Amino acid sequence: MDSGLENVVAAETVLSDVDGLNGRLTIRGYPVELLAASMAYEDTAHLLWQGFFEELPDVAALGARLGSARAEVFALVKSIPAGLDTVRFLRTGWSLLEDDESLECVLRLAAAGPVFTAAAVRLEQGLPPIAPDPSLSQSADFLRMMTGKVPTQAEARALDAYLVTVSDHGLNASTFTARVVASTRAGLTSAAVAGLSALKGPLHGGAPGPVLDMIDEIGTPQNAEAWIDEALGRGDRLMGFGHRVYRVRDPRADALKAAVARLPGTSGRVAFAEHIEKAVLGCLAKKYPSRKLETNVEFYTALLLEALGIPRAAFTAVFACGRVLGWTAHAQEQVSTGRIVRPRSVYKGPVPVMA
Ligand code: SDX
């Protein structure tokens with residue numbers, strides 16, 4: 001039995017490759033650093049969905065279809081109970097959508113991510129949800145619906161860089177979950193809702209919010225070592241560090257760090273975070289000399305989303321708005337194999353007493 005399926009190859013995929021030894025992430029043949037620096041959300045949606053939907057339009061038309069889908073799904077916001085945290089608000093909203101394997105279904109899922117997440121944030125703040133502006137890009141409209149103001153080009157570009165960077169990452173827990181659900185032909189909405197449920201966990205996509213909590217609790221550079229040693233002494237896991245696959249630095253960490261640095265007024269926060277990161281890596285190396293625990297995607301994710309004015313309680317839902325591209329592409333890839341996912345188990349229970 002391979003706990004955590006660590007050494008099990010469960011699928012062949014054309015979507016992404018996570019090279020844990022060399023710290024490289026390739027998405028559809030492109031290094032993630034290139035995608036993060038040059039691609040918008042719409043480009044990456046087109047890149048990942050290619051080959052899985054016959055009637056996939058070109059990037060420009062796809063952007064327009066996403067805009068009109070955002071406008072359509074906004075009508076569903078009033079059917080979602082207020083008072084839910086962002087992940088449950090998004091999950092409940094997604095559950096209202098059609099559930100099949102069509103391009104229309106996946107467009108509405110991708111469009112509904114920002115609409116429902118932004119609405120949840122506004123309702124949490126006691127403010128009315130803001131209707132989409134289909135003429136804007138997905139990232140620009142996402143920030144506009146969440147903050148009430150049209151973002152600068154640099155802000156929209158920074159959110160694009162984030163959503164693109166986290167769009168796909170091999171068979172991580174939430175993507176594998178989405179593939180399992182898709183393999184029963186349950187539909188893309190079911191696969192996305194299942195993926196979101198897996199992503200919610202603090203060991204997976206729930207990590208970026210607690211990264212900021214850690215940075216805030218440490219407070220000053222002088223406190224870093226003592227705070228970290230105490231946390232490790234309690235057996236706490238430090239959010240934003242370690243990875244099942246990467247044995248060196250997660251390449252997405254620097255891609256996102258570069259995106260934060262391109263935003264004005266972030267240098268002080270980044271310098272403080274760098275100091276904490278260095279202290280954490282030193283303490284982890286001391287405590288686990290034989291286990292390479294490096295910075296993962298979530299550490300600089302936290303700084304980027306914070307710099308964009310996104311509340312930390314919404315970080316996981318924003319992660320899902322990027323990863324839904326990977327979940328749905330993998331779901332379609334799994335469907336194309338025609339195989340239901342059904343591994344075996346070793347029975348360790350009581351042996352039946354023969355009559
Ligand atoms: C994501 O898989 C993916 O691709 C995921 C992801 C994606 O794009 O989909 O990259 C996104 O989930 C990134 C990870 C976000 N999570 C966190 O930052 C939470 C903190 N990290 C850990 O909980 C942990 O590193 C995991 C869950 C990410 C990986 O866990 P593993 O591979 O199962 O490692 P492990 O639990 O076997 O740890 C080995 C040892 C353990 O010590 P012992 O129990 O053997 O004494 O290292 C310790 C762990 O306690 N350890 C940590 C640690 N990570 C591992 N100790 C302190 N802080 C940490 N962050």
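Both counts, for ligands and for their atoms, begin at 1 and track the order of listing. Predicted model, so just to flag it, every value in this text is computed and none were measured.
Inclusion of Phe241 in the set of residues having an N or O under 3.5 Å from an N or O of ligand 1 is warranted. Residue-to-ligand polar distances place Arg244 within reach of ligand 1: an N/O pair is separated by less than 3.5 Å. The N/O atoms of Gly240, backbone and side chain alike, include one that comes under 3.5 Å of an N/O atom in ligand 1. Residue Asp236 places no N or O, backbone or side chain, under 3.5 Å from any N or O of ligand 1. Among the atoms of Leu238, some N or O lies under 3.5 angstrom from an N or O of ligand 1.
Taking a 6.0 Å sphere around NZ of Lys200, one finds it holds 12 or fewer heavy atoms contributed by other residues, nucleotides or ligands. Within 6.0 Å of CD in Glu98 there are 12 or fewer heavy atoms belonging to other residues, nucleotides or ligands. Summarising the local packing, CZ of Arg342 is surrounded by 12 or fewer heavy atoms from other residues, nucleotides or ligands at distances under 6.0 Å.
Of the candidates Arg28, Arg339, Arg179, Glu333 forms a salt bridge (charged side-chain N to carboxylate O under 4.0 Å, His left out) with just one, namely Arg179. Remark: of the listed residues Asp99, Val73, Leu188, Leu188 is the sole one forming a side-chain contact (heavy atoms from CB on, under 4.5 Å) with Leu109.
Taking atom 19 (C) of ligand 1 as the reference point, the nearest protein heavy-atom neighbour is Met239 SD, 3.6 Å. Protein heavy atom at the shortest distance from atom 51 (N) of ligand 1 is Leu293 CD1, 3.8 Å. At the top of the distance list for atom 9 (O) of ligand 1, counting protein heavy atoms only, stands Arg323 NH1, 2.8 Å. In terms of protein heavy atoms, atom 28 (C) of ligand 1 is closest to Gly242 O, 3.7 Å. Considering only non-hydrogen protein atoms, atom 23 (O) of ligand 1 sits nearest to Arg237 NH1, 3.0 Å. Protein heavy atom nearest atom 11 (C) of ligand 1, with residue, atom name and distance: His204 ND1, 3.7 Å. From the protein, the heavy atom lying nearest to atom 48 (C) of ligand 1 is Tyr288 CZ, 3.7 Å.
Close approach of ligand 1 to Ala207 (heavy-atom distance below 4.0 Å) involves ligand atoms 15 (C), 16 (N), 17 (C), 18 (O). Those atoms of ligand 1 that come under 4.0 Å of a heavy atom in Leu284, given as number and element, are 57 (C), 58 (N). Those atoms of ligand 1 that come under 4.0 Å of a heavy atom in Leu203, given as number and element, are 12 (O), 14 (C), 15 (C), 16 (N), 23 (O), 27 (C).
Residue pairs meeting the ring pair (Phe, Tyr, Trp, His ring centres under 6.0 Å) criterion with at least one member in residues 119-169, sequence neighbours excluded, are His169-His243, His169-Tyr246. Residues in residues 320-349 take part in no ring pair (Phe, Tyr, Trp, His ring centres under 6.0 Å) pair, two or more places apart or across chains.
No part of Val18 comes within 4.0 Å of ligand 1, judged by heavy-atom distances. When heavy-atom distances to ligand 1 are checked against a 4.0 Å cut-off, Arg252 comes that close only through its side chain, counted from C-beta outward. Contact annotation: for Glu298 versus ligand 1, heavy atoms closer than 4.0 Å belong to the side chain alone.
The protein reaches atom 58 (N) of ligand 1 closely, with a heavy atom under 4.0 angstrom from it.
Closest of all the heavy-atom pairs between Trp227 and Leu238 is CZ3-CD2, 4.1 Å.
Remark: distances from the non-hydrogen atoms of Asn296 to ligand 1 include one below 4.0 Å.
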Step-by-step side-chain contact (heavy atoms from CB on, under 4.5 Å) determination, Leu97 to Cys105: CA-CA 8 Å; Leu97 299 176; Cys105 176; over 6 Å; no

Criterion salt bridge (charged side-chain N to carboxylate O under 4.0 Å, His left out) on Glu274 and Lys278, from CA distance to verdict: CA-CA 6 Å; Glu274 282 173 331; Lys278 198 156 162 266; over 6 Å; no

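Salt bridge status for Arg269 with Asp216: present, with a side-chain N to carboxylate O gap under 4.0 Å. Using a cut-off of 4.0 Å between Lys/Arg side-chain N and Asp/Glu carboxylate O, Arg249 and Glu277 are scored as salt-bridged.
Gln334 and Ser183 share no donor-acceptor pair across their side chains, judged by distance under 3.5 Å alone.
Relative to atom 38 (O) of ligand 1, the option among His169, Lys292, Arg291, His243 with the closest non-hydrogen atom is Arg291.
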